[in-house]
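A short write-up of the structure that comes next.
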Amino acid sequence: MTYFAYHTVEGDRGVLAYMRLNGEILDAEMRLAKVASERQEMEHRVLLLRPDHLDPDMLEERARIMLNMGRDGEVVVFDRKRPL
């Protein structure tokens, strides 16, 4: 009986393993939500650059980034957290 009780708690499919796996699932779901929101933001930015519907502000932003240029008298502040 002690053998079965021990393996019910400590075994590969025991209670502690179940709790650990639930924690890993929660972490994976949180990462999935973060990646999904990042993907949605990127898809929106790509949608603004489509030839049939070109957003002038997005075009100007991309041109400034690609050409590394700005207007006279402008101050440029780079955000390291935001990808180009």
Side-chain angles (χ1 to χ4, degrees):
M1 186 105 145
T2 304
Y3 174 82
F4 289 114
Y6 172 78
H7 284 286
T8 299
V9 174
E10 292 285 336
D12 291 341
R13 294 182 177 88
V15 174
L16 296 178
Y18 175 76
M19 292 171 59
R20 180 180 47 81
L21 286 175
N22 278 341
E24 289 178 12
I25 289 171
L26 182 61
D27 289 341
E29 287 174 345
M30 290 173 61
R31 281 185 297 184
L32 175 64
K34 180 182 175 188
V35 169
S37 68
E38 289 174 358
R39 178 183 174 151
Q40 187 177 17
E41 181 182 338
M42 283 188 225
E43 286 177 348
H44 177 69
R45 291 175 63 87
V46 167
L47 181 66
L48 294 175
L49 289 172
R50 294 217 186 268
D52 56 331
H53 176 72
L54 188 59
D55 183 32
D57 292 332
M58 183 62 71
L59 179 63
E60 181 181 359
E61 176 185 335
R62 292 306 305 163
R64 287 172 179 243
I65 290 171
M66 298 301 290
L67 299 174
N68 197 22
M69 297 181 78
R71 294 187 182 125
D72 289 337
E74 270 188 339
V75 177
V76 179
V77 179
F78 293 102
D79 185 4
R80 293 179 190 250
K81 296 177 188 174
R82 187 174 177 186
L84 297 178

Going from [atom1] on [X] to [atom2] on [Y], what distance comes out if it is rounded to the nearest 0.5 angstrom?
X   : Y   : atom1 : atom2 : value
R62 : L67 : CZ    : CG    : 10.5 Å
L21 : L16 : CG    : CG    : 11.0 Å
M30 : I25 : CE    : CD1   : 14.0 Å
I65 : E60 : CD1   : CD    : 11.0 Å

* Structure fact -> L54 and L59 have their tightest heavy-atom pair at CD2-CD2, 3.8 Å
* To do: Locate the shortest heavy-atom distance separating G11 from A17; write the atom from each residue and the value.
  => O-CB, 3.8 Å
* Salt bridge or not for E41 and R45, using N-O below 4.0 Å? -> no
* Does Q40 CD have over 12 foreign heavy atoms under 6.0 Å away? -> no
* Tell me, yes or no, whether the heavy-atom count around D12 atom CG, taken from other residues, nucleotides or ligands under 6.0 Å, exceeds 12. => no
